[in-house]
Protein chains: 2
Amino acid sequence: MQTEELRCCGDFHERANLDKWIEILQSTGLKLTAPRHVILEFLHKQSHPITNREIYNGISNDCDLASVYRSINLFIKIGFVQQFDFGDGIARFELIEPGLDSHHHHIVCTDCSKVIEIDHCFPNSLTETIEKHTGFSRITHKLEFFGLCSECK
Amino acid sequence: MQTEELRCCGDFHERANLDKWIEILQSTGLKLTAPRHVILEFLHKQSHPITNREIYNGISNDCDLASVYRSINLFIKIGFVQQFDFGDGIARFELIEPGLDSHHHHIVCTDCSKVIEIDHCFPNSLTETIEKHTGFSRITHKLEFFGLCSECK
DNA sequence: ATTTAATTGCAAATGGATTGCAAATGGTGT
DNA sequence: ACACCATTTGCAATCCATTTGCAATTAAAT
């Protein structure tokens with residue numbers, strides 16, 4: 001029927017294209033459960049890192065909060081999700097495309113908590129200097145910026 | 001007596017020179033209490049950031065753990081102490097010289113947790129670029145490095 | 001010494017995150 | 001469709017870092 005078709009088409013456009021993640025999930029023997037699907041879908045809609053509780057609220061308590069924690073930890077382990085720390089003691093998470101280089105940073109408004117993604121990064125040349133200087137190898141870094149956004153200043 | 005004088009002399013060299021901090025503390029109307037003195041002294045002996053619990057153990061339970069937390073929070077508020085976050089959910093603290101620019105970073109061994117101080121910093125020129133790019137002002141950053149130290153690699 | 005507000009110790013509370021366990025479930029083969 | 005079974009969930013309890021309420025203590029000024 002027409003309405004059915006239209007609704008279906010609308011759904012198609014609204015629905016996140018999660019095939020990439022779902023395929024990998026199932027190919028590793030893990031189950032595509034309702035909570036995991038809903039959480040993946042919700043993560044895919046976000047434009048900045050969110051907390052476990054925000055996910056829980058965002059999916060209108062579709063599953064237990066503990067299952068959000070467990071799903072997120074799983075997603076981190078299999079490389080679906082990246083964790084960020086904005087210094088307030090609450091972990092934040094972002095869905096990443098499997099295989100792609102997802103390394104980036106954020107700037108957080110100290111007043112209204114607005115978050116913008118930052119593509120600038122700590123220079124490789126300096127990392128090499130630190131490598132030589134300290135004797136450390138396989139160096140990574142965590143870097144987040146803080147400041148007043150244009151509206152709060 | 002000679003032994004007395006020697007011990008005294010030894011004590012003098014061992015004892016931390018906390019006058020700078022103590023003066024400021026008292027000039028602001030705050031009390032120099034036994035816990036605060038002991039904690040200051042212990043912090044002064046450290047060469048990298050330590051947790052509240054490490055302070056508590058390090059001063060052999062000379063005061064309550066809650067008082068360590070309260071003293072550290074006070075020290076942060078009056079600029080005696082700087083907080084660092086190594087990503088394990090436990091806050092770490094370092095005594096800083098009042099008034100001096102104490103901005104620096106660390107590299108942490110992901111294997112043995114060894115910590116080395118890093119003086120290299122995120123370039124100012126890039127920070128200015130981010131300022132223009134995002135419209136944010138008064139930008140600061142948190143930056144920590146992780147890797148394998150020479151002994152663990 | 002006396003006074004007084006700041007500070008402490010203690011125990012309880014808070015809050016993010018983890019976990020044990022019985023019940024539910026999804027993927028596989030029949 | 002059905003049955004199997006390891007995985008996963010919901011629920012409640014627990015953990016652990018940190019904070020807090022309050023009565024007792026204490027530093028420092030009078």
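Letters A, B, ... are given to chains in the order of the sequence lines, protein chains preceding strands, and every chain is numbered from 1.
- Residue H37(B) contributes atom NE2, which lies 17 Å from atom P of dT26(D) at whole-angstrom precision.
- In this structure, E23(B) atom CD and dA28(D) atom P are separated by 14 Å, rounded to whole Å.
- Following rounding to the nearest Å, Q26(B) (CD) and dA27(D) (C1') show an atom-to-atom distance of 9 Å.
- Taking atom CG on L25(B) and atom P on dT7(C), their separation rounds to 8 Å, with Å as the unit.
- Taking the nucleotide of DNA chain D with the nearest heavy atom to each of L65(B) and G29(A), the more 5' of the two is matched to G29(A).
- Neither OP1 nor OP2 of dG16(C) sits under 4.0 Å from any side-chain N or O of N52(A).
- Note on R53(B): only backbone sugar-phosphate atoms sit closer than 4.0 angstrom, heavy atoms only; bases stay farther off.
- The OH-P distance, from Y56(A) to dA17(C), rounds to 15 Å in whole Å.
- A donor-acceptor pair under 3.5 Å is absent between the side-chain atoms of H106(B) and the main chain of E117(B), judged by distance alone.
- The CZ-C1' distance, from F75(B) to dT18(D), rounds to 18 Å in whole Å.
- Phosphate contact (OP1/OP2 of dT8(D), side-chain N/O of T33(A), threshold under 4.0 Å): absent.
- A34(B) comes within contact range of no nucleotide atom at all, as no heavy-atom separation falls under 4.0 Å.
- No donor-acceptor contact under 3.5 Å links the side chain of R92(A) to the base of dG16(C).
- H133(B) and E128(B) share no side-chain donor-acceptor pair at under 3.5 Å.
- With respect to S71(B), the side-chain contact (heavy atoms from CB on, under 4.5 Å) criterion is satisfied by exactly one of L40(B), L43(B), I39(B), N52(B): I39(B).
- Judged purely by distance below 3.5 Å, without hydrogens or angles, the side chains of Q82(A) and H104(A) never pair a donor atom with an acceptor atom.
- Looking at R92(A), its side chain never comes within 3.5 Å of a backbone N or O of F86(A) through a donor-acceptor pair.
- Across all strands shown, L30(A) has heavy atoms under 4.0 Å from sugar-phosphate atoms exclusively, and none from any base.
- You won't find any donor-acceptor pair under 3.5 Å spanning the side chain of R36(A) and the base of dG26(C), going by distance alone.
- Under the 6.0 Å cut-off for aromatic ring centres, H141(B) and H103(B) qualify, their centroids lying closer than that.
- DNA chain D is contacted by both R70(B) and D62(A); D62(A) maps to the nucleotide lying nearer its 5′ end (nearest heavy atom per residue).
- In this structure, the nucleotide among dG10(D), dG27(C), dT18(C) sitting nearest to the side chain of N73(A) is dT18(C).
- When the P atom of dA17(D) is taken as reference, atom CD1 of I72(B) falls 16 Å away, rounded to whole Å.
- Considering only the side chain of Y69(A), dT18(C) comes nearest among dT18(C), dG27(C), dG10(D).
- Protein atom CG of L32(A) is 11 Å distant from nucleotide atom P of dT28(C), rounded to whole Å.
- Proximity note for A66(B) (side chain, C-beta onward) versus dG16(C), dA28(D), dC10(C): the nearest is dC10(C).
- Distances from the side chain of K31(B) to the nucleotides dT18(D), dA17(C), dA5(C) place dA5(C) closest.
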